[in-house]
Amino acid sequence: MIRKMFMGMDHVGVAVKNLDEAINVYRDLLGFKLLRIYESIENKVKVAVLSTGGETKIELLEPIGSDSPVAKFLEKRGEGIHHIAVKVDNIEETLEEFKGKGVMLVDEKPRIGAEGKKVAFIHPKSVKGVLLELVAE
Ligand code: CO
């Protein structure tokens, strides 16, 4: 019996059409602190990471190219929450457990996310419409 442990929210990912414009809103209008901006070529997104003052961050995601998964999300659903990311103590075991329960996985094996941590996505069809990201603690 695998006993996974959730370790808190890591971040909320927000799909946006234009990162500069979104930073104007989140940092300049609302007052969230901008921690860093980077491009993830592998995931085809430009990312701005903002602090909420606690452990949970906000990630603004602008697609790079029309074949980016975030571009497809924007087409279908418009701007808004794209995924939530939860920390787990053992990502491999969590994926094994979910797989054994028939949960639809986007990633069968963890991959290295842009922040250098192991991550894996769970399909929204198994999570009531929410794309769930697991982040290794
Ligand atoms: Co994420």
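Numbering of ligands and ligand atoms starts at 1, following listing order.
Counting non-hydrogen atoms of neighbouring residues, nucleotides and ligands closer than 6.0 angstrom, the CD1 atom of I81 reaches no more than 12 such neighbours.
With sequence neighbours excluded, no residue forms a salt bridge (charged side-chain N to carboxylate O under 4.0 Å, His left out) with K33.
Pairs passing the salt bridge (Lys or Arg N to Asp or Glu O under 4.0 Å) check and including a residue from residues 118-128, sequence neighbours excluded, read E92-K118. For the ring-ring contact (aromatic ring centres under 6.0 Å, His included) condition, the pairs that include at least one residue of residues 90-131, sequence neighbours left out, are H83-F121.
A salt bridge does not link K17 with E21: every distance from a Lys NZ or Arg NE/NH1/NH2 to an Asp or Glu carboxylate oxygen is 4.0 Å or more.
Around the Co ion (ligand 1), the protein contributes the following N, O or S atoms under 2.8 Å, ordered by chain and number: H11 NE2, H83 NE2, E133 OE1.
E59 and H82 are not linked by any side-chain donor-acceptor pair at a separation below 3.5 angstrom, with hydrogens and angles left out of the test.
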